[in-house]
Amino acid sequence: MPPEKEYTIYDLARMLDISVATISRALNGDPKVSKKTQKKVVDLAKELGYRHNSFASNLRKQKTNTIGVMVPKLSSNFITSVLAGIEKAASQEGYDLLIANSSEDSHKEIANAENLFHKRVDGLLVSLTVDTNDCNHFKQYEQKNIPVVMFDRVDEQAPFTKIVIDNYRCGLLATEHLVEQGCKRIAIISGNLKRNVYAERLRGYKAALQKHKLPFSEKLVLVNDLSESDAVHAAQQILALKSRPDGLFVTNDFVAAVCMHIFKTNGLRIPEDIAIVGFNNDAISHLVNPKLSTIDYPGMDMGEIAARQLISHLKGTSDLKQTNEIIVRTALIIRDSS
């Protein structure tokens, strides 16, 4: 069957013998058009399945009311909460979202940046993949004065506003808490150290050990992709150590929960044999037994702040060039695992 005709504003004007300008005003609820005429126009539009071409209309205004969002992965409770915050702010201000998943692949991230650029997004919110080396793929946005805001995983050298947490302080807090519980040999499981978030958490971990005059050992630093299989492998590595750690800081709650399961299966008591602190305050942190101590990382707040900063700039009520970095508050939540 041939596709149904896509009716235009000109078809409505011809059928009702009304000017195109009046049709347009009626569809937009302009009070200058009588309620009787508005009803005739709206009723016919519904009957014909008329769709307003907002994209073409916005292009004439040199804006699309669309924000591009680039995330490193969608299979993350944290990213889901960030997206919820972005969506809340965007919908309140009348903006649509185009979300691109880079799947932890810098080549895909480059392609996504190009694609969203040609989709004519008004602005861009970005969290980088673990292996992104530079931000040259965002230069075209700079050249066209399209604002970019980075959040969570950022490039410190990039000339964009950044919404982050104090990852160094979080690493310090988590590790110091374990020291205060009497832990003397503390291990850390971290994601890729090329990214600011994991490098800074490790720096905080090292600072806490140094502050309390505890030795640092490369053997106790386990770096992986924070997947389930990597979590299992890391737990097995810890169990195989001749001098087993009595404390563990994990930069991801899910990985911490997997480690806890492996340790308990192998007869370790938590926190008596090994005290554990995670990161993010995901739902799993208070579902596992014992409940997991963690760093509360308010992803929804981060998403909402990032979106509102971008939209305020687009609306001309603030200037991103005057805001280099915004730090979102975090807190240590102490539960039974430590």
Side-chain angles (χ1 to χ4, degrees), residues 55 58-59 61-74 76 78-80 82-83 85-87 89-90 93 95-165 167 191-200 299 301-328:
F55 184 71
N58 285 328
L59 281 184
K61 302 173 191 171
Q62 294 298 300
K63 61 185 294 189
T64 62
N65 268 48
T66 302
I67 293 171
V69 185
M70 291 173 53
V71 296
K73 57 185 174 183
L74 287 172
S76 158
F78 171 71
I79 290 297
T80 301
V82 172
L83 289 174
I86 292 172
E87 194 279 330
E93 298 293 340
Y95 280 82
D96 294 322
L97 301 178
L98 279 178
I99 300 170
N101 176 20
S102 300
S103 303
E104 295 291 21
D105 182 341
S106 60
H107 298 291
K108 192 170 181 183
E109 179 180 287
I110 293 168
N112 285 339
E114 183 78 10
N115 184 36
L116 291 174
F117 179 78
H118 290 295
K119 287 283 197 300
R120 294 176 178 264
V121 295
D122 293 342
L124 189 65
L125 298 171
V126 183
S127 186
L128 301 173
T129 70
V130 290
D131 60 346
T132 298
N133 290 317
D134 59 54
C135 289
N136 290 334
H137 41 301
F138 301 117
K139 281 188 175 177
Q140 55 194 335
Y141 289 85
E142 282 187 89
Q143 291 164 355
K144 288 288 185 180
N145 290 318
I146 300 168
V148 176
V149 173
M150 290 186 162
F151 64 89
D152 186 42
R153 297 189 192 172
V154 305
D155 183 335
E156 299 291 354
Q157 307 307 315
F160 307 123
T161 296
K162 302 164 188 73
I163 316 296
V164 294
I165 61 170
N167 285 285
N192 193 314
L193 298 176
K194 286 169 66 176
R195 281 279 67 84
N196 62 302
V197 291
Y198 302 120
E200 285 298 293
D301 290 351
M302 172 167 279
E304 194 170 344
I305 291 167
R308 293 201 185 284
Q309 286 293 312
L310 182 62
I311 292 168
S312 294
H313 178 87
L314 291 170
K315 291 193 166 186
T317 56
S318 68
D319 186 353
L320 285 174
K321 291 178 182 176
Q322 296 177 358
T323 308
N324 181 49
E325 185 176 78
I326 294 174
I327 298 176
V328 180

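Just so you know, these numbers use all the heavy atoms, side chains as well, and skip hydrogens, waters and symmetry mates. One is the number of the first residue; the rest follow in order along the sequence.
Ile327 pairs by the side-chain contact (heavy atoms from CB on, under 4.5 Å) definition with Val164, Asp166, Glu325, not counting sequence neighbours. A search for ring pair (Phe, Tyr, Trp, His ring centres under 6.0 Å) contacts involving Phe160 returns nothing, not counting sequence neighbours. Applying the ring pair (Phe, Tyr, Trp, His ring centres under 6.0 Å) criterion to Phe78, with sequence neighbours excluded, gives Tyr297. Residues that satisfy the side-chain hydrogen bond (donor to acceptor under 3.5 Å, both in side chains) test with Lys194, not counting sequence neighbours, are Asn133. The ring pair (Phe, Tyr, Trp, His ring centres under 6.0 Å) check on Tyr141 picks up Phe117, with sequence neighbours excluded. Residues satisfying the side-chain contact (heavy atoms from CB on, under 4.5 Å) criterion with Glu104, sequence neighbours excluded, are Pro72, Lys73, Thr129, Val130, Arg153. By the side-chain hydrogen bond (donor to acceptor under 3.5 Å, both in side chains) test, Asn115 pairs with Lys119, sequence neighbours left out. Residues satisfying the side-chain contact (heavy atoms from CB on, under 4.5 Å) test with Ala199, not counting sequence neighbours, are none. Every residue two or more places apart in sequence or in another chain was checked for a side-chain hydrogen bond (donor to acceptor under 3.5 Å, both in side chains) with Glu87, and none qualifies.
Judged by distance alone, with hydrogens and angles left aside, the side-chain atoms of Asn196 form a donor-acceptor pair with the main-chain N or O of Val154 at under 3.5 Å. Looking at Thr66, its side chain never comes within 3.5 Å of a backbone N or O of Val121 through a donor-acceptor pair. Under a 3.5 Å cut-off, the side chain of Asp122 and the backbone N or O of Ile67 do not form any donor-acceptor pair. Between the Asn112 side chain and the Val69 main chain, no donor and acceptor come within less than 3.5 Å of each other. Side chain of Thr161 to backbone of Leu320: a donor-acceptor contact under 3.5 angstrom is found.
Glu200 contributes atom CD, which lies 11.0 Å from atom CG of Leu193 (distance to the nearest 0.5 angstrom). Arg308 contributes atom CZ, which lies 12.0 Å from atom CD1 of Ile86 (distance to the nearest 0.5 angstrom). Atoms CZ and CD1, from Arg120 and Ile146 in turn, are 9.0 Å apart once rounded to the nearest 0.5 Å. Annotation: the span from Thr64 atom OG1 to Leu98 atom CG amounts to 7.5 Å, rounded to 0.5 Å. Between Met70 atom CE and Ile99 atom CD1 the span is 12.5 Å, to the nearest 0.5 Å.
For the pair Cys135 and Leu128, the tightest heavy-atom approach, listed with the atom from each and the gap, is SG-CD1, 4.4 Å. Between Met302 and Asp152, the shortest heavy-atom distance links the atoms SD-N, 3.7 Å. Ala306 and Leu125 get closest at one heavy-atom pair: O-CD2, 3.7 Å. Shortest non-hydrogen contact noted between Ser76 and Ile79 is OG-N, 3.1 Å. Taking all atoms of both residues into account, the shortest heavy-atom contact from Ile311 to Ala89 is CD1-O, 4.0 Å. For His137 against Thr132, the heavy-atom pair with the smallest separation is CE1-CG2, 4.0 Å.
Residues Phe151 and Val71 form a side-chain contact, since some pair of their non-hydrogen atoms from C-beta on lies under 4.5 Å apart. Taking 4.5 Å as the limit, every side-chain heavy atom of Leu310 sits out of range of all side-chain heavy atoms of Tyr95. With contacts defined as side-chain heavy-atom distances shorter than 4.5 Å, the pair Leu74/Leu83 qualifies.
Pairs passing the salt bridge (charged side-chain N to carboxylate O under 4.0 Å, His left out) check and including a residue from residues 126-142, sequence neighbours excluded, do not occur. Residue pairs that meet the side chain to side chain donor-acceptor pair (under 3.5 Å) test with at least one member in residues 309-319, sequence neighbours left out, are Glu93-Lys315.
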